[in-house]
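Note sheet for the following structure.
Please read these numbers as outputs of a predicted model, since none were measured by experiment. First the proteins, then the strands, lettered A, B, ... as listed; each starts at 1.
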Amino acid sequence: MSKLVSLTMAEARKGLAAKEFTAVELVDAHILQAEKARPLNAFVTETFEAARAQAAASDQRLAKGQAGAMEGLPIGMKDLFCTEGVRTTACSKILENFVPPYESTVSANLKKAGAVVLGKTALDEFAMGSSNMTSAFGAVENPWKRRSDPAARLVPGGSSGGSAAAVAARTVMGATGTDTGGSIRQPAAFCGITGIKPTYGRCSRWGVIAFASSLDQAGPMARTVRDCAIMLGAMAGHDPKDSTSAPVAVPDFEAALSGDVRGLKVGIPREYRPDGLSDEVQALWDKGIALLKAAGATPVEISLPHTKYALPTYYIVAPAECSSNLARYDGLRYGRRVDGKSLDEMYAKSRAAGFGSEVRRRILIGTYVLSAGYYDAYYAKAQKVRRLIAEDFTKAFQTVDVILTPTAPSAAFGIGETDDNPVTMWLNDVFTIPTSLAGLPGLSLPAGLSADGLPLGLQLIGRPFDEETVLRVADVMEKAVGFDAVPAFVEG
Amino acid sequence: MAYVIEGETGDWELVIGLEVHAQVTSNSKLFSGAATDFGAEPNTQVSLVDAAMPGMLPVINEKCVEQAVRTGLGLKARINLTSVFARKNYFYADLPQGYQISQFEFPIVGEGEVILDMPDGSSRTVGIERLHLEQDAGKSLHDQHPSKSFIDLNRAGVALMEIVSKPDMRSPEEAAAYVTKLRSILRYLGTCDGNMAEGSMRCDANVSVRKAGEPYRTRAEIKNVNSIRFLQQAIEYEARRQIDVYEEGGQVVQETRLWDSSKGETRSMRSKEQAHDYRYFPDPDLLPLVLEQAFVDHIKAGLPELPDEKKERFIKEYGLSTYDAGVLVAEQANADFFEAVARGRDPKLACNWVMGDFAAAQNRLGRSIEDPVVSAADLGGLVDLIADNTISGRIAKEVFELMVESGKPPALIVEEKGLKQVTDTGAIEAAIEAVLAANPDKVADYKGGKDKLFGFFVGQVMKSTGGKANPALVNDILKAKLA
Amino acid sequence: MSLDKATVRTIANLARLEVRDDELDHLAGELSNIMTFVEQLSEVNTDGVQPMTSVAALSLPRRADVVTDGNCRDKVLANAPEQQDGFFLVPKVVE
């Protein structure tokens, strides 16, 4: 394994500037690693040739002193971002052969910054899932292994599981994710990397295949907090093509990493200690609290009383929006078509053949909760509870600057180890969903290993558009934790 | 007198409410930057947003918002400073998103009114329930292929205003007057071109019948009515149909019915009924539309004089009859033409000419007011020639036809053709003397009591003067001579 | 809250998803399970609470009325399963 693939973006940026290696060398090393990592199935579509050409162009810009903020850095692009001329599937059969004639704003921003895209990374179909097992193109394997059972194939989490696995396996230095209820943070935790879902409205949704419009938000996944800061800076920005994009300036996120958290108040929500929370997750959280205290921050117990209603709220709001957002996949203008005798038959057959079972389930639930006679009882009710959940955070942030919680209730589980009940699977997102509903920035960073040698993550939640504080605290924690474990796949 | 339909069980009254879909006049679509021109090649005026490609997002066109507010103000309606776009979910071939972005619970415009000008000169007020903005759908062509429909999305996403009336109309004529008046107001405001043939204005009618004094009965919604004439026919047909149903002991079902203009009947669209659950919810891609009062005030300050105000002014300022004023103001360009003719002249004379010979010639030659058979200045010139006795009204008609034919100004025609009126009493006297001398027997008869012969003498005098003699003078002098 | 097979059939039809008869039982069970789970929201007192449709504390931004898009039929039709003469084609729609 080339040493180049172990570099962080910040290190690689220095090396490129100092001409220690070229962008082509850097990208080639990662392509080699990606080829080795093919059994993980992290990429749906590889774009190695285009990446090499981009890297050569990066070298020219570097030579001319015209380097962008991510010049020559190899990344993965979640296959939910439409990429011009490159197949974009959302890991659904219904878009199996869809080649967008347009480029999403976020991927365009990254390319403009000089980032080199090695390929499209796998996800749960239409980003609906927490395991990557709902992808139409096969499960993705987590590069980490249980000490007790190295043969077991583990999930990388989801929905941005392909991105998380690709970053953890050192095939790319960073990757884009999208997060609707935890889809950046939970796979980051499962794969021992860092990921931040920024404030809703921070990154443009234009050209990102929609799951639930009021919740979807793009963000970076990388191996360090600083790399996330670099990448977020390149992705973010107001986009007039997205009516929900916030017209706010993009701060210098890297500059926020001052290393100083003295005097900060860190909220510790008591509702995030449900009965049955595993001892090791509990212990990890306590460790995080202790580290921050030692760094000069003040832990403050807070209450977010409506936390337990976040999951049911989410599972009304998200399916409702998804049932409508996915109506456009009708086999008419693009995507899979199964012929029928009538138009309606064509729709029903195309959609049944094109969508997997989790997507179908959510479309049905969403259709049901919006249908006549149920709207008030379910959808309107959920939107009201959503406000109460958001207000919980607003109140908490009157006294604290940042909130610390676990990212997920457990470490990565095995492919096929879950039961059939979809609700059990959804519990993976119990700690990440409230933040999504409130539109707040949330970051997961690896904070330790489970007894079985698997990474566990802690989550930091910030005020709206205050990613800077979140990143600053995360950076301090990262240094204090000194997480240096590497996945079994990388150890070789 | 109230409009009733006589049935076997007595008289029936009609209750009609109309939903008019008016295409907003704008360069680009409601939520995309694609053009709105009519008649373009298929799918050329379609953006990736209109085609509902994955990840595409709507951004609202400010002009369309302005136009909706302007229309609301023109309908004397309440403007809602906060309104919300909602998705109306249903599947159809020409609906790319699988939902129509519309407004449901919170429309941009609330209650207002339209004053109808009835043909007998009376007025009636019809309430407006609401006006909201929504996207138009694309077009399906069913006759291009034996087993396929062709889909063109050029119209998909074009802004529409849905204007919903209260069930305040009671006859097909009132419905026609409503659409006519609404169209007139929209055209004055410049918010819709009102072109029903091109589909810029479409109409659905909610029709029910009842016996006098009853509460409302079940209504049927008639779709696809694309002219005012068809609207009247469709309402009449539907009312009769419902009366027959009731009188045969049946019940009218609430349903959507399609007007078939070739058969002159409405028919049930049951196929569309079965899945009638639109699952409206606020569009999460769009935030609430919040308007500043100043924005509304600014639009209000720029409103043109509308038909009702103009009509009022024409009656007051020009002394026109209610009917004449109503006809003249229906189209702003007509009203402007009239005013150009009437300015500084006898307004009634101007009105008679604009609504008489001029309108007839326009009709005969199929001309629009933008391309008049004679200019307002020339028609005004003609009125001047009448007013200062240069020519008589009768000669004026001749001059007018020559103006239409040649395009020459009236004074030149009068000059060239020597049509100037003879007002020299001496010359008229001489002509009268000659006529009386040539017809001694008729003079005797007249004096013997045959009064009717007076007209004969006038005719002869006019004939001998080539019609140029001033008719009033001829009358006066002739009377004196025959006395 | 439990959904019977007829309800599942109705919503599947609304959503234009073909569901085989032999899937109905299983689906009805799954969906009922989910609905039972979300039912707990009824415990929450939401009197006087405004529904939250977006977390973005913004008013709707508006764009100028300028033609900036369209005229890209090739792109619009590029992924069409069936097309002819610039149109999308679908099985004949009978009104």
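With rounding to the nearest 0.5 angstrom, the CZ atom of C/Phe87 is 5.5 Å from the CG atom of B/Asp152. Atom CG of residue C/Leu14 and atom OH of residue B/Tyr90 lie 14.0 Å apart, to the nearest 0.5 angstrom. Atom-to-atom distance recorded for B/Glu292:CD and C/Ser59:OG is 8.0 Å, nearest 0.5 angstrom.
Contact annotation for B/Ala93: only side-chain heavy atoms (C-beta onward) come within less than 4.5 Å of a heavy atom of chain C. Within the 4.5 angstrom heavy-atom criterion, no atom of C/Gln83 approaches chain B. If you measure heavy-atom distances from B/Leu153 to chain C, the contacts under 4.5 Å come from the side chain alone. Both the backbone and the side chain of C/Val90 come within less than 4.5 Å of a heavy atom of chain B. With a threshold of 4.5 angstrom between heavy atoms, B/Ser26 approaches chain C through its backbone and through its side chain. At a 4.5 Å heavy-atom cutoff, the contact between B/Pro42 and chain C is made by backbone and side-chain atoms alike. Residue contact with chain C, scored on non-hydrogen atoms closer than 4.5 Å, involves the backbone of B/Phe31 exclusively. In this structure, chain C has heavy atoms under 4.5 Å from both the backbone and the side chain of B/Glu41.
Heavy-atom contacts from other residues, nucleotides or ligands closer than 6.0 Å to NE2 of B/His145 number more than 12. Environment of NZ in B/Lys139: sparse, with no more than 12 heavy atoms of neighbouring residues, nucleotides or ligands closer than 6.0 Å. The 12-atom threshold is exceeded at CD of C/Glu43, counting heavy atoms of other residues, nucleotides or ligands nearer than 6.0 Å.
By number of non-hydrogen pairs under 4.5 angstrom with chain C, the leading residue of B/Pro284, B/Pro146, B/Ser140 is B/Pro146. In terms of heavy-atom pairs under 4.5 angstrom with chain B, the leader among C/Ser54, C/Ala15, C/Gly70, C/Pro51 is C/Gly70. By number of non-hydrogen pairs under 4.5 angstrom with chain B, the leading residue of C/Thr68, C/Thr10, C/Asn79 is C/Thr68. Between chain B and the residues C/Asp69, C/Asp74, C/Leu77, the largest count of heavy-atom pairs under 4.5 Å involves C/Asp69. Of all the listed residues (B/Lys63, B/Glu62, B/Lys148), the one sharing the greatest number of non-hydrogen pairs under 4.5 Å with chain C is B/Lys148.
C/Leu60 approaches B/Leu287 most closely through the heavy-atom pair CD1-N, 3.4 Å. In terms of heavy atoms, B/Asn61 sits closest to C/Ala64 at OD1-C, 4.3 Å. Scanning all heavy atoms of the two residues, the minimum distance from C/Gly86 to B/Asn43 falls at O-ND2, 2.6 Å. Across all non-hydrogen atoms, the minimal contact from C/Thr53 to B/Pro282 is CG2-CG, 3.5 Å. Closest of all the heavy-atom pairs between B/Leu30 and C/Arg63 is O-NH1, 3.4 Å. Contact record, B/Leu291 with C/Arg62: CD2-NH2, 3.7 Å, taken as the closest heavy-atom pair.
Taking the side chain as every heavy atom from C-beta outward, B/Ile151 and C/Leu89 never approach each other to under 4.5 Å. Counting heavy atoms from C-beta outward, B/Gln144 and C/Gln84 have side chains that stay 4.5 Å or more apart. Inter-residue side-chain proximity for C/Lys92 and B/His142 is flagged as met; some heavy-atom pair is nearer than 4.5 Å.
With hydrogens and angles left out, the side-chain atoms of C/Asp65 and B/Ser28 include a donor and acceptor closer than 3.5 Å.
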